[in-house]
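Heads up, the thing below is written out as structure tokens.
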Amino acid sequence: MDMLVVIVDLAEDLRRVTVEVTDAEELLGSGILWPPGCVVTNAHVVRRPEVTLRLSDGRCLRARVVARDSDADLALLTVPGTGVPAATLAEPDTIRIGSFVAAVGHPLGVRGALSTGIVCAIGPIDRGGRHWIQADLHLAPGNSGGPLADAAGRVVGLNSRAAGPLALAVPMDQVMRFVRAAQV
Amino acid sequence: MNGLQSLSNDLTAAVERGARSLFGVNGRARLGSTGVHWRQGLVVTADHTVHVDEEVTITRPDGRALTARVAGRDPTIDIAVLKVDAPGVEVADVADSDAVRVGHIVLALGSGPRASWGVVSSIGEGRRARSAAGDLFHLDLTLYPGFSGGPLVDVQGRVVGINTSGSSRHWQLAIPAAAVNRVVDELLRRGRIPRAYLGVSTQPVRLPEALQQKLNIDQPSAVIVVEVQSGSPAAAAGLSIGDVIVSLGATRITDPTDLKSALRPDKVGESITASVLRGGEPRDLQVTVGERPRRS
């Protein structure tokens with residue numbers, strides 16, 4: 001029972017730091033409330049300078065894209081006044097192959113959906129490719145930009161796309177570098 | 001630490017333990033597979049992933065490449081055994097696969113290492129699951145490309161089976177460790193894995209209900225012998241065209257696949273009872289299982 005309660009609490013905590021990125025009622029993807037006053041998401045989710053964010057409590061706020069890197073597929077948005085504490089990040093390199101992970105997002109418009117699995121591999125899919133956290137869990141369109149968290153609810157990656165049944169997430173150390181470079 | 005973190009730590013420890021006896025197997029052109037250091041100097045993998053008959057390149061857990069030799073194969077249960085000199089690579093901790101139950105959490109490991117997790121969904125149920133390996137494990141997990149031949153491990157990291165998606169794209173299966181042990185023991189005992197052979201061609205045949213009642217059996221079909229090869233074990237036992245084989249040893253024969261499944265390598269040389277119907281009357285014949293002549 002203890003474990004089931006833990007998963008329920010973990011999902012609740014992750015939902016609070018996961019936003020819906022929308023544009024004129026159209027769902028574009030998900031985003032993580034981090035760092036404070038900002039939201040980080042995938043570049044492919046935000047193609048315009050401004051979008052609307054829907055928080056888990058139902059409030060909708062306008063957000064401005066302040067940095068965008070198409071190669072890294074990352075974007076940073078500022079959204080002052082959410083009043084929601086930013087996501088807690090895991091220390092770098094704390095997850096290993098086999099670690100339990102949970103993803104929250106809005107796949108196919110389903111709000112705050114949780115999926116769970118384990119880390120399948122860490123590294124490129126193809127020789128010389130970019131570094132991913134490859135997770136054995138299912139993502140669908142709408143999950144992009146949402147958090148991948150460890151068993152303690154600490155964010156370890158930013159869900160970016162699916163490769164068949166495999167979820168690919170940008171490791172948070174890459175996200176942190178991008179945010180630092182954006183000088184926020 | 002919460003229960004979930006504790007489970008997560010157990011899973012990573014199981015992956016690390018299992019990965020210490022994991023090999024990459026390059027036995028086919030496009031996609032490699034996975035192997036397990038089963039006994040000292042013997043690596044087990046899925047037969048359908050080894051397209052060569054002699055030498056095959058395999059990769060140790062530390063990434064070093066070695067040349068292995070195909071020591072034997074049993075296509076009836078999709079197992080190939082490779083012989084290799086691999087000092088310093090741990091031999092897998094093989095668990096009692098009879099203790100595996102539906103609902104147990106398991107991990108499938110692929111070379112790299114890579115891992116997926118899920119539960120044992122069923123054991124040996126359904127028509128597709130019948131095989132010479134006995135009861136197979138049906139898995140509710142993803143076997144990613146290259147996972148075939150790799151170990152199915154429990155949460156302690158002990159090997160309970162060998163994964164294969166070879167026989168069907170829709171099933172995720174594992175051959176229980178006990179069946180793999182039988183093949184490996186046979187290889188060590190004889191120096192090779194023989195192919196069991198009866199020398200008959202058969203076709204499925206329906207058993208009318210009246211006949212089932214008369215014989216007191218609950219079996220809707222059997223196989224009818226349509227060819228007996230001369231000089232074969234079947235010919236020596238007196239099997240004739242038109243005989244209906246109902247069972248072989250303890251195995252019910254409802255179609256030709258059952259017959260293949262009953263003829264495991266370890267049965268070679270054994271005398272088993274073939275229960276047949278001849279002219280509608282039951283009779284038992286003793287058949288000494290032979291070895292399929294090797295192609296020269």
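Every chain is numbered from 1, with letters handed out A, B, ... down the list of sequences. All of these numbers come straight from a predicted model, not from anything done at the bench.
Closest approach of B:Trp117 to A:Gly117, counting heavy atoms only: NE1-CA, 3.4 Å. Considering all non-hydrogen atoms of both residues, B:Ser8 and A:Ser99 come closest at OG-CA, 3.4 Å. Between B:Gly3 and A:Met3, the shortest heavy-atom distance links the atoms O-SD, 3.8 Å.
Remark: A:Phe100 pairs with no residue by the ring pair (Phe, Tyr, Trp, His ring centres under 6.0 Å) rule, at least two apart or across chains. Annotation: ring pair (Phe, Tyr, Trp, His ring centres under 6.0 Å) contacts of B:His37 (sequence neighbours excluded): B:Phe23.
In terms of heavy-atom pairs under 4.5 angstrom with chain A, the leader among B:Leu141, B:Val15, B:Leu4 is B:Leu4. When each of A:Ala152, A:Gly123, A:Ala135 is checked for heavy-atom pairs under 4.5 Å with chain B, A:Ala152 comes out on top.
Within the 4.5 Å cutoff, the side chain of A:Ile97 has no heavy atoms near those of the B:Thr12 side chain. Using a 4.5 Å heavy-atom cutoff, the side chains of B:Tyr144 and A:Pro165 are in contact. Counting heavy atoms from C-beta outward, A:Ile118 and B:Leu107 have side chains that approach closer than 4.5 Å.
Only the side chain of A:Leu10 comes within less than 4.5 Å of a heavy atom in chain B; its backbone stays farther off. Contact annotation for A:Val101: neither backbone nor side-chain heavy atoms come within less than 4.5 Å of a heavy atom of chain B.
Atom-to-atom distance recorded for A:Ile122:CD1 and B:Arg114:CZ is 13.5 Å, nearest 0.5 angstrom.
Heavy-atom neighbours of A:Arg48 CZ from other residues, nucleotides or ligands within 6.0 Å: at or below the threshold of 12. No more than 12 heavy atoms of other residues, nucleotides or ligands shown are found within 6.0 angstrom of CG on A:Asp93. Atom NE2 of A:His138 has 12 or fewer heavy atoms from other residues, nucleotides or ligands within 6.0 Å.
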